[in-house]
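Below is one structure; the comments refer to it alone.
Everything numeric here is computed off the predicted structure, so don't read it as measured data. Below, each value reflects all heavy atoms present in this structure, side chains not excepted, and no hydrogens, waters or symmetry copies. To find a chain, count down the sequence lines: A is the first, B the second, and so on, and within it residues start at 1.
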Amino acid sequence: MDAIDELKSTMGVMQHHDAVTGTEKAHVAHDYERMLSAAVAGAVEVTAEAVNKLMSNNGTVDFKWHRCMLNESSCHVSEHSQRFMVSIYNPLAWKLDAIPVRIPVTEQKYRVTAPNGDYIETQLVPIPKEVIEIPTRKSTATHELVFVAIKVKPLGYKNFFVEVEPNTVKREKRSVNRETKDD
Amino acid sequence: KRKMDFYESVNDYWKNVREQSFVNIETIDAMDKKDVERPVKLNQDTGFDDEDEKEAKFENTEKVFVNTDNDKYLDPTLDILKDNKEDEANVNIAELQKLIKESRIVKQMKHKPAVKPVVNLPPLSEDEMRMLSDDPMIVQVYPEAEEVVMRDQASNASFNVENPAIYIPHPSGGFMSVSFDMAFYRAAIGDNRAPSRRSSGAYIFRPNVTKPFIYDKKCTSISGSIVNELRCVFTEYVSLSVRSYVHPLLVNWVEIDWVIGSIPIEDNIGKEIVAMYNSNMINNGEFYTDSNGRQMLKRKLNYRPQWNLTLDEPIAGNYYPVTNKISIEDDKYRFSVLTDRSEGGASLTEGQIELMLHRRLLEDDAFGVNEALNETANDQGLNVRGNHWLVLSDLKNKDSLIYERKKLLEHHLRPQMIFADTQISKEDY
């Protein structure tokens, strides 16, 4: 509850009209960002513990879960792991029939396994140059692995298992967009 | 022959559908048959066709195209005209180009089909329907219906790369085409000693132009089995991707992923970047914005319900806060843009939705911050990335309206994703 209380009190501070509309000085805006990102990171710990608890049939499953900077298409886990898991949480009170998932990766061949063990179709899309060149972005991801997660229950989780296909040699960075090549 | 007749008879739609909101000259004339013989004569001062100015049905918009490569102002009309055929419209294009070049006033003609010609073709026979239906972009005209229904295999959105536009599927079949622009307003600078001398700042939006400068755009497309993307670069600091997912459960919506920044200020001009979505919907200057995500409030251009309004600021005076959604509607459909954060929005031109995405200003507006709205990181202006969802709903179809409301909440409360490295095998997993 401490972590969740921390996020609640930070959101309390963010009700100030400056935080809502941006009529504060730049260094105050930066302080708001600092408070909010620390509080959200704390709350992710709670989510991570919940997922571990749900996943372990009273064994000790202890995955280190991380939140990623998807808004700048960067994710340390998915860029550097040969094998990783994605847990998707649906915060709504109704089932989501289809969720487009975009995971920042380097250019390799990936295989995504759904909870029922089936492989699901994916597409590798190059990240736009304008995103890659954002000065504050620190990421090696050059592509996004796109797939569609279907039927995620209300307030429910769904985990996917992603692995680099065994016999894929890490491709040097190529400017040509793969889709065109495959076509 | 029949096919040509068929195309001929629906050519208003055909061209309109094919060329989206930037229709070319001949469609303007074709709409009013009697004018077809007479070439459009443009008056040197007004830029309008003075014989039938009252029915000109096009408006003179001061959109000035800036070619980002060499910052030269382009005369877009010549671009629009250059590859037109002369036959349908009998408009003497060369003369018109000469006139427009001399006139240099009519920068761009926007045209709205004020009337939908009812097509009274006898019903097509089976084999004719089959012949026509092999064309992927065929329109099917149901004689009794006024509406042209676009037959598209999946009701997923699609787009046109050459003349960039998005086809948003109608929930009841068919689609609406929407073209899009990115533009910027130059920010006003003043000494803040009087309302008319205020600078644009954190509290104030005050452009010092009456029309935004529209960027030129270059687009490429990526297609695949999950998502098709149209990627447009407007200038080195403004770009966007239009995403249409192929999945049969991801229909009737389009995602726009825009990236803006760092806005250059070497020219000492503060800039306010806006996105514009242009449709051919006739909304009579009315639009709707949500206030704090609660009810949708009706807005009317240059009007306040509570008092007689005289506007000193024709642009800013028509901007309203948008928390999640801004929409325009006609008697049948509602075109909505769902935002992922609070933005300023308006509909300043018929059929258009405009949203302000990013600002970088150089003067304080003397309302208390004592600092220009010029947030930086690494000594450069902020980079901002966000997205819009475009949704078209049928006002007479309850499911379609419920779908739109759910999309709004799905956009705001999107799925949270967390990632974990693992060494276990897939079987163990």
Side-chain angles (χ1 to χ4, degrees), chain A residues 20-26 29 44 47-48 51 63-68 70-72 75 77-78 80-81 83-92 94 96-101 103 113 117 121-123 125-126 128-131 134-136 146-150 152 161 163 177 179-180 183, chain B residues 201-203 220-227 229 231 233 236-241 243 245-250 255 257 259-262 321 342 367-371 373-378 380 382-383 385-386 406 409-410 413-427 429:
Chain A
V20 174
T21 59
T23 48
E24 73 279 25
K25 288 182 185 299
V44 169
T47 311
V51 175
F63 295 114
K64 277 304 293 161
W65 293 95
H66 299 273
R67 198 165 159 266
C68 288
L70 298 179
N71 76 325
E72 58 176 43
C75 179
V77 171
S78 56
H80 298 93
S81 305
R83 206 176 276 172
F84 59 90
M85 285 188 297
V86 190
S87 185
I88 299 174
Y89 172 66
N90 167 13
L92 293 159
W94 59 80
L96 282 175
D97 288 330
I99 300 173
V101 178
I103 302 174
T113 308
E121 191 167 4
T122 64
Q123 180 182 342
V125 176
K129 176 172 71 72
E130 295 72 30
V131 174
I134 291 179
T136 52
V146 186
F147 62 90
V148 177
I150 55 173
V152 185
F161 185 81
E163 58 189 331
N177 143 17
E179 262 60 49
T180 322
D183 290 348
Chain B
Y203 283 84
T220 56
S221 69
I222 290 173
S223 57
S225 56
I226 306 278
V227 63
E229 296 201 8
R231 295 200 170 167
V233 178
E236 68 274 4
Y237 56 92
V238 179
S239 64
L240 67 75
S241 302
R243 292 178 184 153
Y245 288 92
V246 178
H247 197 280
L249 289 174
L250 287 168
E255 181 172 55
D257 178 64
V259 183
I260 299 175
S262 139
S342 302
F367 267 92
V369 186
N370 273 335
E371 196 178 274
L373 186 69
N374 180 7
E375 197 175 343
T376 57
N378 296 14
Q380 296 195 41
L382 280 197
N383 292 76
R385 184 183 194 184
K406 289 177 79 171
L409 278 172
E410 286 170 20
L413 295 171
R414 267 180 286 171
Q416 298 296 314
M417 282 187 252
I418 52 177
F419 299 78
D421 190 359
T422 177
Q423 297 314 316
I424 62 174
S425 70
K426 183 194 140 197
E427 290 62 37
Y429 163 74

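Contact check for Glu229(B) versus Val125(A): side-chain heavy atoms found under the 4.5 Å cut-off. Side-chain contact check for Pro135(A) versus Ser262(B): every heavy-atom pair is 4.5 Å or farther apart. Side-chain contact between Phe63(A) and Ile424(B) is present, with at least one heavy-atom pair separated by less than 4.5 Å. Two residues are said to be in side-chain contact when any heavy atoms from C-beta on lie closer than 4.5 Å; Tyr89(A) and Ile418(B) fail this criterion.
The shortest heavy-atom contact between Ala29(A) and Glu375(B) is CB-OE2, 4.2 Å. Of all non-hydrogen atoms in Arg67(A) and Gln416(B), the two that sit nearest each other are NE-OE1, 4.5 Å. Across Leu413(B) and Pro91(A), no two heavy atoms sit closer than the pair O-CG, 3.3 Å. Heavy atoms only, all atoms of each residue included: Ser225(B) and Thr122(A) are closest at OG-O, 4.1 Å. Listed here is the closest heavy atom pair of Leu373(B) and Gly22(A): CD1-O, 4.1 Å. Minimum interatomic distance between Leu70(A) and Met417(B) (heavy atoms only, all atoms of both residues): CD1-CE, 4.2 Å.
If you tally non-hydrogen atom pairs under 4.5 Å between each of Asn90(A), Thr47(A), Val131(A) and chain B, the highest count goes to Val131(A). Heavy-atom pairs under 4.5 Å with chain A peak, among Asp257(B), Val259(B), Asn370(B), Thr422(B), at Thr422(B). For chain B, the option among Ser78(A), Ala48(A), Cys68(A), Ala149(A) with the highest count of heavy-atom pairs below 4.5 Å is Cys68(A). Note: Asp421(B) leads Val233(B), Leu409(B), Asp421(B), Thr220(B) in heavy-atom pairs under 4.5 Å with chain A. Listed options Thr23(A), Val20(A), Ile88(A), Val77(A) were ranked by heavy-atom pairs under 4.5 angstrom with chain B; first place goes to Thr23(A). Chain B forms the most heavy-atom pairs under 4.5 Å with one residue out of Ser81(A), Ser87(A), Ala98(A), and that residue is Ser87(A). Considering only heavy-atom pairs separated by less than 4.5 Å from chain B, the leading option among His66(A), Glu72(A), Glu24(A) is His66(A).
When heavy atoms are compared at a cutoff of 4.5 Å, Val238(B) does not approach chain A at all. For Asp97(A), the parts lying under 4.5 angstrom from a heavy atom of chain B are both the backbone and the side chain. Proximity to chain B (any heavy atom under 4.5 Å) is shown, for Lys25(A), by both the backbone and the side chain. Only the side chain of Leu92(A) comes within contact range of chain B, with heavy atoms under 4.5 Å apart. With a 4.5 Å cut-off on non-hydrogen atoms, Asn374(B) does not touch chain A at all. Only the backbone of Thr376(B) comes within contact range of chain A, judged by heavy atoms closer than 4.5 Å. Proximity to chain B (any heavy atom under 4.5 Å) is shown, for Val86(A), by both the backbone and the side chain. Using a 4.5 Å cut-off between heavy atoms, Val146(A) contacts chain B through both its backbone and its side chain. Looking at Val51(A), the atoms closer than 4.5 Å to chain B (heavy atoms on both sides) all sit in the side chain, from C-beta outward. For Glu163(A), the part sitting under 4.5 Å from any heavy atom of chain B is the side chain, from C-beta outward, and nothing else. Using a 4.5 Å cut-off between heavy atoms, Asn383(B) contacts chain A through its side chain alone, with no backbone atom that close.
With hydrogens and angles disregarded, a donor-acceptor distance shorter than 3.5 Å links the side chain of Gln123(A) to the backbone of Val227(B). Side-chain atoms of Glu371(B) come within 3.5 Å of backbone N or O of Ala26(A) as a donor-acceptor pair.
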task: Test His247(B) against Ile150(A) for side chain to side chain contact (heavy atoms under 4.5 Å, CB included), laying out the working first.
output: CA-CA 10 Å; His247(B) 197 280; Ile150(A) 55 173; 3.8 Å; yes
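Among the candidates Arg414(B), Lys406(B), Glu410(B), the single residue satisfying the side-chain contact (heavy atoms from CB on, under 4.5 Å) test with Leu96(A) is Glu410(B).
Residue-environment remark: NZ (Lys426(B)) exceeds the threshold of 12 foreign heavy atoms within 6.0 Å.
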